[in-house]
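Below is one structure, written out as structure tokens, with a few remarks after it.
Residue numbering restarts at 1 for every chain, and letters A, B, ... go by the order of the sequence lines. Note that this is a predicted model, so its numbers are computed, not measured. Computed over heavy atoms, backbone and side chain alike; hydrogens, waters and symmetry mates excluded.
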Amino acid sequence: MKEAMKTVSAKLKHVRTSLSSLSSRPYSPTPLASHAKPRNPSSSTLLNEFASFCYQRDLPRAMKAMAAMERHGIYADSITYSELIKCCLARNAVEQGRLVHKHVSSNGYQPKTFLLNILISMYVKFKLLQEAQAVFDQMPERNVVSWTTMISAYANVGLSDKALEFFVLMLREGVLPNMFTFSSILRACNGISNLRQLHCGIIKVGLESDVFVRSALIDVYSKLDELRDAICVFNEMETKDLVVWNSIIGGLAQNSDGDEALNQFKRMKRAGFTADQATLTSVLRACTGLALLEVGRQVHVHVLKFDVDLILNNALLDMYCKSGSLEDAKTLFEKIVHKDVISWSTMIAGLAQNGFSQEALKLFDLMKASGTKPNYITIIGVLFACSHAGLVDDGMFYFRSMKRLYGIDPGREHYGCVIDLLGRAGKLDEAMNLVQEMECEPDAVTWRTLLGACRVHRNVDLAIYVAKKILKLDPEDAGTYVLLSNIYANSQRWEDVTEIRRQMRERGITKEPGCSWIEVNKQIHAFILGDTAHPKINIINRRLNQLIHKLMGIGYVPDTNFVLQDLEGEQRDDSLWYHSEKLAIVFGLMSSSSGSAIRIRKNLRICGDCHTFAKLVAKIECRLIVIRDPVRYHHFQNGQVMSYDGEFEFHSNYKCRYKFPLEEDSLSNYKIQDMLNLGYQMVQPREGSKELSLEHEGVPFWYPYNSSLETPSLPDGIYDV
DNA sequence: GTAGGGTTAG
């Protein structure tokens, strides 16, 4: 901050000097404006011609007329010049724009602040910030518009410090910011203390009710992870417009609160607003986070209205990839005519995440051939693909040559992928060397990647070293404490186990119980280790036992290595058997015949055993297919899953049969009576189905999501999965 | 009259 202030005062000094030098300039003859008496008979004709060419948007003739005027020392009024500049902007005529600037600075003519503001804005729109800055620097007087234009220009190109510096300078010059200034400067906000100060300032000058200011506030609060404040600003608003709704929906979707984003979307529709591409993009993001493929499909229907919108199509593409619906993703990808680097990167990462590494790498070649330049994120996808398929050599090649071939310096994420690649291949030493080679400091995520490899390859010593590194960087990471404790317990180092437990107690760290849930027929069923609340728990357990014995017959051995040590005897065995996720999987198996998409989620990291179980179940129960893992991925070695981290999703053969427009009700959690009140009719269940169906004018109502998940409470203690 | 808010890939 001190540094910033120094620069600010230096600037102030500079501004003052330039101001004083301007005021002490020798008097120059007042130029002729349109209202001034023409010097010769042709002057008024020239001015009239010039004005008419400007208003007719006839750029070449206007430029010619302007040159003639300049020769005669004749000048038009600011409005005419502003029309001419608009014309230059519309035609992207940079050189002509410069000529207008040169013209109004010729013969000692002194353009008004208004015209200079337009020139600044022109250079900003041509992305010529230096030129804009030069005009600004030479202005004899600057008003709030001049300052706001510069602030907005710097904020938009991500030069937040510069924008904030200008804001401070502006205040020091005694220029009062208005709603335009605040909505621009908010975009440059890079920390919560800045934001709070600005928010106070906004309230102080009574601008808090401006929708532009509000939507910017909502956006910045949510980008800084202050969702509660964002919601507060949103709720306090009396009148909301579409952008305000989009800000809150986008904010929630970006902060992984997809449920609430969809709820707000529903409210927005009820309030009578029609979604635009920004709304739908955020809704899609919410669907992507929740893996709500079917809701996403319904959004697709609406996307067709904006079928040339690249951002929206990219979001849709990502939704299909993340929901494991590769066929839809590929079809869509083909349809996107002007693919940008995001389209390509999304598809490459999507293929890699879904296990099609070779295809991902082929697509990368196609991308290069198409002339699209890969960026930082593209390379992450490529390395991810190599890592997924165990392509150590290819991965190392891409990693080592990325700087030379694409001019991209490897960042943490690239290192992460390659450490993972090496780690999973058992090359722990090389992985460790790479960590040490990193130019940026390895963070907890990097170390956790290595820890994952240590678990898989049972390297206890390195695991202990790495776990300690993680706890130094992230002392609240309950998972690592438990893991460390388990490793010690496994090696009978009971004193160390006690020590870790003591640290956890002292620091007040508790491990949240592992919880899995599954959505079957629009209802969510939650399972927690040791919990018997589910009404069908006995049948599920019986079925699970049968399955496990069947699986043991084909070689399944439950992994006991990293099981909880504070559960004893029978309980411990139970934890092997009745893992929450296994219960959810079995419940899904029992219910999937009804034809619903089954989705299992976890809120915790899980060890390899459960995934092995799931894969084997998938072998004997062919309707169960593992389709996605958005966070990390499975690692297969000799046909066996070695580790798994992230989210499960299973699909039955269910396909959404109805594609109907996304009406306001189709995302709601209406009870049946509410639906009937809305004009829906109850229809006879289909043969073999015990479900009630609702239809509206022959269109079936599909009830996509129920967020009423309540996690049952568990006794205190350390729970691992 | 010139300046302002929300949308995509890791």
Side-chain angles (χ1 to χ4, degrees), chain A residues 77-83 85-86 111-122 124-125 132 142-153 155-156 177-187 207 210-220 222-223 234 240-251 253-254 275-285 288 306 309-319 321-322 336 339-350 352-353 374-384 411-414 416-417 445 630-632:
Chain A
D77 61 291
S78 302
I79 304 284
T80 312
Y81 288 122
S82 79
E83 287 302 316
I85 290 171
K86 273 184 208 159
K112 289 183 183 165
T113 308
F114 167 74
L115 183 53
L116 290 169
N117 285 344
I118 291 175
L119 281 169
I120 298 177
S121 157
M122 175 192 81
V124 170
K125 284 175 184 148
R142 304 175 183 87
N143 62 15
V144 61
V145 179
S146 335
W147 286 100
T148 304
T149 312
M150 290 311 296
I151 289 171
S152 157
N156 282 336
N178 62 14
M179 59 271 259
F180 288 83
T181 325
F182 277 116
S183 48
S184 302
I185 192 65
L186 278 169
R187 305 196 66 206
L207 290 172
D210 184 80
V211 276
F212 283 73
V213 173
R214 287 259 186 172
S215 52
L217 275 172
I218 294 169
D219 186 53
V220 185
S222 38
K223 288 213 167 90
F234 177 78
K240 301 175 170 90
D241 70 358
L242 184 61
V243 177
V244 175
W245 280 104
N246 287 349
S247 305
I248 194 73
I249 294 170
Q254 279 163 20
D276 70 356
Q277 42 266 73
T279 328
L280 291 179
T281 306
S282 294
V283 169
L284 274 172
R285 186 165 171 152
T288 308
F306 308 99
D309 190 279
L310 187 57
I311 297 180
L312 190 48
N313 272 305
N314 285 344
L316 191 60
L317 183 67
D318 190 44
M319 187 279 295
C321 287
K322 295 274 166 50
I336 301 177
K339 301 174 180 64
D340 66 356
V341 63
I342 298 185
S343 327
W344 288 100
S345 308
T346 306
M347 196 67 225
I348 290 170
Q353 280 163 353
N375 68 11
Y376 189 94
I377 298 174
T378 322
I379 307 296
I380 296 174
V382 170
L383 292 174
F384 189 85
R412 261 203 199 97
E413 295 97 328
H414 301 109
C417 284
V445 179
V631 187
R632 307 269 297 250

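By the 4.5 Å heavy-atom criterion applied to side chains, A:Ile311 and A:Gln277 are not counted as neighbours. A heavy-atom distance below 4.5 Å is found between the side chains of A:Ile120 and A:Asn117.
For A:Phe212, counting side-chain heavy atoms from C-beta on, the closest listed nucleotide (B:dG1, B:dG4, B:dA3) is B:dG4. Among the nucleotides B:dG5, B:dT7, B:dA3, the one closest to any side-chain atom of A:Ala216 is B:dG5. Among the nucleotides B:dA3, B:dA9, B:dT7, the one closest to the side chain of A:Val145 is B:dA3. Side-chain proximity of A:Phe114 to B:dG5, B:dG10, B:dG1: nearest is B:dG1. For A:Met179, the side-chain atoms get nearest to B:dG4 when compared with the rest of B:dA3, B:dT8, B:dG4. For A:Val213, the listed nucleotide lying nearest its side chain is B:dG4; candidates were B:dG10, B:dA3, B:dG4.
Residue contacts for A:Gln254: at a heavy-atom cut-off of 4.0 Å it reaches the sugar-phosphate backbone alone, with no base atom in range. At a threshold of 4.0 angstrom between heavy atoms, the contacts of A:Ser146 with the nucleic acid are absent. Contacts of A:Phe182 with the nucleic acid, taken as non-hydrogen atoms under 4.0 Å apart, are absent. Here A:Ser152 lies in heavy-atom contact (under 4.0 Å) with sugar-phosphate atoms only. Within 4.0 Å (heavy atoms only), A:Thr149 reaches sugar-phosphate atoms of the nucleic acid but no base atom. Nucleic acid contact for A:Arg214: none, since no nucleic acid atom lies under 4.0 Å from a heavy atom of the residue. In this structure, A:Ile118 reaches the sugar-phosphate backbone alone: every heavy-atom distance under 4.0 Å involves primed, P, OP1 or OP2 atoms, never a base. Nucleic acid contact class of A:Thr346 (heavy atoms, under 4.0 Å, all strands): sugar-phosphate only. No contact: A:Val124 has no heavy atom under 4.0 Å from any strand. Nucleic acid contact class of A:Lys339 (heavy atoms, under 4.0 Å, all strands): none. Among the protein residues, A:Asn313 comes within range of no part of the nucleic acid, since none of its heavy atoms lies under 4.0 Å from any strand.
To the nearest angstrom, P of B:dA3 lies 9 Å from NZ of A:Lys86. Taking atom NZ of residue A:Lys112 and atom P of nucleotide B:dG1, one finds them 14 Å apart after rounding to whole Å. Distance A:Leu383 CG to B:dA9 C1': 15 Å, rounded to the nearest Å. Atom CE of A:Met347 is separated from atom P of B:dG10 by 13 Å (rounded to the nearest Å). Atom CG in A:Asp241 sits roughly 13 Å away from atom P in B:dG5 (whole-Å rounding). Across the protein-nucleic acid pair, A:Leu116 atom CG and B:dT2 atom P stand 16 Å apart, rounded to whole Å. In this structure, CE of A:Met150 is placed 13 Å from P of B:dG4, rounded to the nearest angstrom. Following rounding to the nearest Å, A:Gln277 (CD) and B:dT8 (C1') show an atom-to-atom distance of 12 Å.
At distances below 3.5 Å, not a single donor-acceptor pair connects side-chain atoms of A:Asp219 with backbone N or O atoms of A:Ser215.
Contact check, A:Gln353 against B:dA9: no side-chain N or O comes under 4.0 Å of OP1 or OP2. Under 4.0 angstrom from either OP1 or OP2 of B:dG10 there lies at least one side-chain N or O belonging to A:Lys322. One finds a side-chain N or O of A:Lys223 lying less than 4.0 angstrom from the OP1 or OP2 phosphate oxygen of B:dT7. Put simply, A:Arg285 has no side-chain N or O that comes within less than 4.0 Å of OP1 or OP2 on B:dT7.
Counting distance only, with no hydrogens placed and no angle test, the side-chain atoms of A:Ser183 and the base atoms of B:dG5 include no donor-acceptor pair under 3.5 Å. Below the 3.5 angstrom threshold, one finds a donor paired with an acceptor across the side chain of A:Ser215 and the base of B:dG5. Evaluation of atom-type donor-acceptor distances gives a pair under 3.5 Å for the side chain of A:Asp210 against the base of B:dG4.
For the atom pair OG of A:Ser78 and CD of A:Glu83, the computed distance is 12.0 Å after rounding to the nearest 0.5 Å.
No option in A:Leu312, A:Asp276, A:Leu316 other than A:Leu312 meets the side chain to side chain contact (heavy atoms under 4.5 Å, CB included) test with A:Thr281.
Residues passing the side chain to side chain donor-acceptor pair (under 3.5 Å) test with A:Ser184, sequence neighbours excluded: none. Every ring pair (Phe, Tyr, Trp, His ring centres under 6.0 Å) that A:Tyr376 has, sequence neighbours left out, goes to A:His414.
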